[in-house]
**Student:** 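Take this structure first; my questions come after.
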Amino acid sequence: MSGPNDDNMSPHTQLSSHFFGDLLDSIIVDVASECHRIAKLGLDRNLEEEEEELRLSTQARVRAADPSNSGEANSKYVVDIFGQTHPPVANEIFECMNCGRSIMAGRFAPHLEKCMGKGRKARLKATRSSTAAQNRYSRGSPVSTYSPYSNSSSTNRLSNGTPGVAGEEYSNGTLEEP
Amino acid sequence: MRNSVNRPPTPDAAEDPGKEPTLQEIINIKLIESGEKERLMELLRERLIECGWKDEMKALCRAFIKKKGRSNVTVDDLVHVITPKGRASIPDSIKAELLQRIRAFLVQAAV
C-alpha cells in the first residue's frame, strides 16, 4: 500500500483510503495495547512456559531429593500436586445438629456414633427421654432406638435432615441403618 | 492550587478565522456523529478477527515480547512491530468492502 497519491486518485478514493487507514491504525493500536496488557499482567502462560516448567521441575526434584522431606515430622504433611498440605485430621469446627456441641470435623463420625445411638449411652438416653412414644410406635421390637426421633417433641433437630428417620412412623420399629 | 483551576480557556477552533476545518475534518466529524465510524470499526474488527489477521498480529507481538523481555516492552514498541506487516497483510476483499462502505457514506453525505 503506497502513501496518498493525489494525481491518480479521485478525491473520494483518496478520502476513503485515508479513513480506512485511520480505522486500521486504531485497530492496530487496540491489538498492540491488548497484547501489551496481557504480557504485563502475566496472563499469557505460554510466554515463559519453558522457563516455568524448568523451574517447577527443578523445584520438584529438589523436594524429592531432600532427605528431610521423607519420614520424620514432615511425613504427615505431604504436599499434593497443587502444593497444598493437609493436616492428618480435618480440623474445621462446627456444631453437631443432634446434641448442639462444637465438634471437630475429623472427630464427627465417632461423635455421631455416640451421640445418635450406636453406643450404649445414647440408647439409654433415647429410652429415658420418650418411653411413651417408643411404646406406642414400636411393636415389641427391641431395636427401637430410632423411633423417638421422628415422634418425640424433645429437641429433635434431625427431623429435617435425616430422610431415613422420617419414614419411620410407618415402620414396625425395625429400621435399616441409613 | 490545582492545575485544573488555572487551566486556560479551551481554544475554539471554529471561531479562529485563520483556520477553517478541512474537508477531512468535516467528514470525520460527520462519520463520528452519525455513528458510522463506530460501525465501520466494528465491522473491520470483526472481519480481521474472522480471517485470522488479529491472531497473526498477536503472534508477532508475543514473539517480540519473548525476545525483548516482558518488562521492557511498551505499547509503542508493539505498534511499531505490527504496523508495517499489519497494513500489508489486510486481505483485499476486506479492504474492498470497507472502502466501498466508506465511499457510500461519502456519497450520501454529499461531500
Side-chain angles (χ1 to χ4, degrees), chain A residues 1-64 79-84, chain B residues 23-24 27-28 31 36-38 40-45 47-49 53-66 68-90 94-107 109 111:
Chain A
M1 255 186 343
S2 53
N5 192 356
D6 294 345
D7 306 337
N8 299 339
M9 292 190 189
S10 71
H12 268 201
T13 314
Q14 187 204 344
L15 273 175
S16 306
S17 289
H18 165 84
F19 283 114
F20 178 75
D22 210 19
L23 292 172
L24 192 52
D25 284 339
S26 296
I27 292 185
I28 286 179
V29 170
D30 282 349
V31 174
S33 156
E34 190 182 321
C35 286
H36 177 266
R37 173 182 174 267
I38 290 178
K40 290 293 185 179
L41 293 182
L43 297 177
D44 187 3
R45 292 228 58 228
N46 293 334
L47 205 53
E48 296 154 13
E49 208 174 52
E50 285 183 22
E51 304 174 20
E52 178 94 5
E53 284 184 18
L54 277 175
R55 197 166 45 88
L56 286 176
S57 65
T58 36
Q59 265 184 21
R61 226 175 295 143
V62 164
R63 220 174 289 143
V79 182
D80 69 13
I81 58 172
F82 297 115
Q84 301 169 333
Chain B
L23 185 60
Q24 266 180 23
I27 300 179
N28 200 27
L31 270 173
E36 184 67 9
K37 192 164 197 191
E38 190 69 30
L40 289 169
M41 272 252 274
E42 286 313 305
L43 176 63
L44 184 54
R45 242 195 279 264
R47 292 277 179 269
L48 290 177
I49 292 177
W53 176 93
K54 187 176 178 186
D55 293 328
E56 279 177 36
M57 296 304 115
K58 284 176 86 166
L60 283 177
C61 289
R62 268 207 293 265
F64 179 83
I65 293 171
K66 219 166 184 170
K68 197 173 181 202
R70 199 153 69 99
S71 20
N72 307 332
V73 177
T74 64
V75 180
D76 221 29
D77 288 339
L78 293 178
V79 169
H80 285 116
V81 166
I82 307 182
T83 300
K85 182 84 193 295
R87 290 188 144 181
S89 62
I90 300 278
I94 297 182
K95 189 167 173 196
E97 184 182 353
L98 266 294
L99 286 176
Q100 157 95 356
R101 275 192 62 155
I102 298 174
R103 220 175 308 198
F105 179 83
L106 292 177
V107 165
V111 200

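Protein chains get the first letters and strands the later ones, always in sequence-line order, with residue 1 at the start of each. Remember, predicted model here, so these are calculated numbers, not experimental data.
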**Student:** For B/Val79 and A/Ala32, work out which heavy atoms get closest and say how close.
**Tutor:** CG2-CB, 3.6 Å
**Student:** Can you tell me how far CZ of A/Phe20 sits from CZ of B/Arg101, rounded to the nearest 0.5 angstrom?
**Tutor:** 13.0 Å
**Student:** To the nearest 0.5 Å, what is the distance between CG on B/Leu48 and CG on A/Leu23?
**Tutor:**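 Here the interatomic distance stands at 10.0 Å.
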**Student:** Quick check on side chain to side chain contact (heavy atoms under 4.5 Å, CB included): which of B/Val81, B/Ile82, B/Leu78 does A/Ile28 satisfy it with?
**Tutor:** B/Ile82
**Student:** So, using side-chain hydrogen bond (donor to acceptor under 3.5 Å, both in side chains) as the criterion, who are the partners of A/Asp30 when residues are at least two apart?
**Tutor:** B/Arg45
**Student:** Just by distance, do the side chain of B/Lys95 and the backbone of A/Ser17 share a donor-acceptor pair under 3.5 Å?
**Tutor:** no
**Student:** CD of B/Gln100: more than 12 outside heavy atoms within 6.0 angstrom?
**Tutor:** no
**Student:** Measure the spacing between NZ of B/Lys54 and CD1 of A/Ile27 and express it to the nearest 0.5 Å.
**Tutor:**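 Atom-to-atom, B/Lys54:NZ and A/Ile27:CD1 are 9.5 Å apart.
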**Student:** Tell me, side chain or backbone of B/Asn72 under 4.5 Å from chain A's heavy atoms, or both, or neither?
**Tutor:**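 Answer is backbone: N, CA, C or O of B/Asn72 sit under 4.5 Å from chain A.
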**Student:** Quick one, B/Arg87 and A/Leu24 - any side-chain contact, counting heavy atoms below 4.5 Å?
**Tutor:**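 SC-SC contact between B/Arg87 and A/Leu24 confirmed.
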**Student:** Taking the side chain as everything from C-beta on, heavy atoms only, tell me whether B/Ile65 gets closer than 4.5 Å to A/His36.
**Tutor:** no
**Student:** How close do B/Lys58 and A/Glu34 get, counting heavy atoms only, and between which atoms?
**Tutor:** NZ-OE2, 3.3 Å
**Student:** So which of A/Ser33, A/Cys35, A/Gly42 has the biggest tally of heavy-atom pairs under 4.5 Å with chain B?
**Tutor:** A/Cys35
**Student:** Does any part of the side chain of B/Asn28, heavy atoms only, come nearer than 4.5 Å to the side chain of A/Phe19, both counted from C-beta?
**Tutor:** yes
**Student:** In terms of heavy-atom proximity below 4.5 Å to chain A, should B/Leu31 be classed as side chain, backbone, both, or neither?
**Tutor:**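 Contact with chain A involves the side chain of B/Leu31 alone.
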**Student:** Go through B/Arg62 and A/Ile38 one step at a time and tell me if the side chain to side chain contact (heavy atoms under 4.5 Å, CB included) criterion holds.
**Tutor:** CA-CA 10 Å; B/Arg62 268 207 293 265; A/Ile38 290 178; over 6 Å; no
**Student:** Is there a side-chain contact between B/Arg103 and A/Leu15, using heavy atoms and a 4.5 Å cut-off?
**Tutor:** no
